[in-house]
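The structure under discussion appears below in the form of structure tokens.
Quantities reported herein were computed from a predicted structural model and do not represent experimental measurements. A, B, ... follow the sequence lines: proteins, then strands. Residue 1 opens every chain.
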Amino acid sequence: MSWKRNAGWLSVLLIFLSGCATVALNAGFDEVSVAVAERGAGKIVWNSGTDLDKEAAEKVSSLLKGGLTADEAVQIALLNNRDLQAIYSDLGIAQADLVQAGLFQNPVFDAAVLFPVSGGRPDLDLSVVMNFLDVFYVPLRKRVATARFEETKLKVAGAVLDFARQVRTAFYLHQANEQMLELRRTVVQTLTASLELARRLHEAGNITDLDFARERALTEAARLELRTAEMAERQSREQLNALMGVWGKNTEWRTGGRLPDIPAQTTAGDDLERLALSRSLDLSIARQRIIAAGEQLGFNRATALIPEPTLGPLGEREEGWEAGPTVELSIPLFDRGQARIARALTELRRARQEYYGLAVRIRSVARAVQDRMSGSRDRALYYRDILVPLRERIVNEAQLQYNAMQLSPFELLRAKEQQIETAAAYIEALRDYWLARTDFAHILNGRLPGLDGGGARSEEGRMKMNGREAH
Amino acid sequence: MAGKKISRREILGLGAVAAVGGALWHERADGKTHGGRAGQYQPAAARQKTAAAGRVYWEKSYSGGPVDVKPLPPGLPEKHYKPVVVPNGAALPFKVVDGVKVFHLIAEEVDWAFDAGLRAKCWGYNGRVNSTAIEAVEGERIRIYVTNRLPVPTSVHWHGFYLPNGMDGVGGLTQPYIRPGETVKYEWTLRQHGTFMFHSHHDEMTQMGMGLIGMFVVHPRKPAPEYHVDRDFSLMISEWAIKAGTARPNTLVMNDFNVLTINGKAFPSTAPLVCKTGDKVRIRLGNLGATDHHPMHIHGYHFRVTATDGEDIPLSAQWPETTVLVAVGQTRTIEFIADAPGDWAFHCHMTHHVMNQMGHDFPNMVGIKTGGLDEQLRPLLPAYMTMGHTGMDMGRMAEVMPYPKNTISMKGAAGPFGDYISMGGLFTVVKVRDQLKSYDEDPGWYKHPPGTVALKASDAELRRDGIDVNERTAAASGAERGHR
Ligand SMILES: [Cu+2]
């Protein structure tokens, strides 16, 4: 075997091994994008400094101009939130890991020059050594990394959906707060009128200081509540600003009207649990973890008892060039790989248990969310169809009784106030319905909502977006 | 026993009549004897004449003497007596069976109209509430069948009558209840005349409150000439708690009555008392309301109280009045000569008793500044209008303002001058006219002779009499302010 020939073979091998080593930065994003769109969350774009970015920015500013709906707010947030953009990087990292897994370890070039004490020509010893088992390991490593990449894609899709839910929830909360504020203003208006009447009566000497003070206390308490409502409205608005990633002039958006009315009955049906399981991203992620753990175990098993051999061509010049392969073997005397195998085995077991645990939890959450949705729907409908009209009727009847001078104007105004309070309770019920409905859609989209009843949970949402654990 | 009599007589200051003890009854004048043959009833008018000092012995007058007197033949209307007029009501019909006057009184639920726009489920007799009167004549025997069509037991008490104890009608005390569906017979001989009443005496608070009351007029057998009147009105007064918007009297209420009625009607639904100039008029007033006494006041006349539910008041004891207090459970009979034509108010003088469905929870709005109030309230309550600041005179507003169903305005009816008559409840009008087509027809508003109506003074008149309309009064000059 001539050196030349050997060298030629080596270089072909090296070139071959390094051939597929490029990293696609937006690998997997399209799949995530499709998954998200399929689940109705909206369009997502990974900012990459292209024309697409500009298009997205234009879309955002045009949406911001009109009265926002929940869907539009979600769309803006998907296009414009930078934290979400940061999450997409997980895809790049996982992709990089995958590429990394496919790479052979770089060969080690070893050169030694020995100068004989007796003098004479230096003894030149050259070797290129590489871990030849990489040829077997690389596919194994790639299988592990592929499983992890799949997991990452699912997790990113899940994070996008969680984010969309968070935006939607925040939007409904804000819409409710806006309506609350409006109602609080009317309560204050009512009680201010009541107070004015009391003031006139007091001025005329017809009511006591005590009665006047009592009337005033009612009005002032209502004013305080108005201030609270104003604060709540601003807070929820700010939350949406952050989620939609807007600042400056762009914060001057407005919502397009009131909370939507209760739609006709949605048929979730009896197979809700099955649907929730079959569509669960969380379960898919858990499945990917089992696969990854399994691959890891396989890898560990495969490598446990095999000594780590290195193989390399050796060239030695002594008398002339001599060449021949060298093999180096570690003797599995102390570490026979049992710890690595046990670890991988445990990880696999854990992944399996987590999978089953998750499935049970999904079933339970699905039932709970469905119950929350139908319960809040009933409550909202009861307010809408029974209590709100009843309160209106009470005001009308009180007006008649007032006309006949049977009822004092204060009682009439109190009836009006109670009517508004009932309207406020209806708004709360309607809001709770939309939050529950959002969560219901979320679980059918394959993600577990919290059991918290929705609400402004930005901290939790952020953790979901960035952390490993989605639940 | 005789000693006892004498001592009572002495106490009463009637010592001079000792010798006349048995004069009132033809045969057995001893009121303590109940057995044996019944004595012939002698009308009180005859008694009065034979009594010393023009009056009956007290010993006898308490119970009318023996129960088992022989009745006189039934008296007939127009023939033996001039029937009373029951405005908004009617006398109970009767028939004569074997010399006994037989009535059939039916207690039942009645959907009663107190005024246009206010009906309520009440209890009444023979389809009427408070306005079925029984009319009879002294000395005759009466038999009254009482049928109970109510869902509850009842009984009827004959208020003010001398009768056998077992006919007194106190449920549970003097007789068993008249149970639903049952018919009970009352029968006795009338031994007095005057204005009496009848009413339920079982669960009185509920049953009288629901309307089970009526007037019972007994005409004298041989009326003295002064008994004759041209108009003889029978008015029964009561009071009700019918919350605006409800349709059943609340008999649990003790003081807050909001509907006050004459013969079951509140003004303006009370029928006028129509008279011809010069008529001698009698008004019999009875009060079987729950708790309120009523000082009934007449305009333009004075009257004399000529009788109570006890007995006629001797002429020498009558005194002129313009207001007579009719306490709960009393009757008062007043008489006057209607010699002044016009529309004369006749009403209770308790001001709250001339209101209809008054609300008592309204704040005192009188005197407040109203500017801008309605404007502030209308965005919330589009129909809002400040009320009460000028008092309770709703005037014509009451006609257009939507009210709770089955509710009448607190007062008012359009009067002859376009303005509202700001009265309700216990209010009626004595209409005296020189010419009448019929007593049974409302003659309309009085046409005043020129110059006899209080009208806005003309400038010429003011000038003539030196009236300065801008004269400073004590209030304006501040003279009446505090002493500080
Ligand atoms: Cu009165």
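Nearest approach of B:D361 to A:Q406, heavy atoms of both residues: CB-O, 4.2 Å. Nearest heavy-atom pair across A:S408 and B:F362 is CA-CD1, 4.0 Å. Here the shortest heavy-atom pairing between B:G367 and A:A204 reads O-CB, 3.8 Å. When every heavy atom of B:Y384 is checked against every heavy atom of A:L412, the shortest pair comes out as CD1-CD2, 3.8 Å. When all heavy atoms are compared, the tightest approach of B:P402 to A:N403 is O-ND2, 2.8 Å. Here the shortest heavy-atom pairing between A:N206 and B:N364 reads ND2-O, 2.6 Å.
Using a 4.5 Å cut-off between heavy atoms, A:E203 touches chain B through its side chain atoms alone. The parts of A:L197 that come within reach of chain B are both its backbone and its side chain, each placing non-hydrogen atoms under 4.5 angstrom from that chain.
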For residues 241-253 of chain B, run the donor-acceptor check on the side chains, cut-off 3.5 Å, and write out each pair with its distance to 0.1 Å, sequence neighbours left out.
unit_1	atom_1	unit_2	atom_2	d
B:T246	OG1	B:K243	N	3.3
B:T246	OG1	B:K243	O	2.7
B:N250	OD1	B:L252	N	2.9

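Remark: B:R119 pairs with B:D111, B:A113, B:N406 by the side chain to side chain contact (heavy atoms under 4.5 Å, CB included) rule, at least two apart or across chains. For A:F410, there are no ring-ring contact (aromatic ring centres under 6.0 Å, His included) partners at least two apart in sequence or on another chain.
Against chain B, the residues from residues 183-192 of chain A that qualify, each with a non-hydrogen atom under 4.5 angstrom away, are A:T186, A:Q189, A:T190, A:T192 in number order.
When each of B:L381, B:V366, B:N258 is checked for heavy-atom pairs under 4.5 Å with chain A, B:L381 comes out on top.
No more than 12 heavy-atom neighbours from other residues, nucleotides or ligands sit within 6.0 angstrom of NE2 on B:H352. Counting non-hydrogen atoms of other residues, nucleotides and ligands closer than 6.0 Å to CZ of A:R384 gives a total above 12.
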**Q.** Criterion side-chain contact (heavy atoms from CB on, under 4.5 Å) on B:M387 and A:Y402, from CA distance to verdict
**A.** CA-CA 9 Å; B:M387 289 192 298; A:Y402 169 78; 3.5 Å; yes
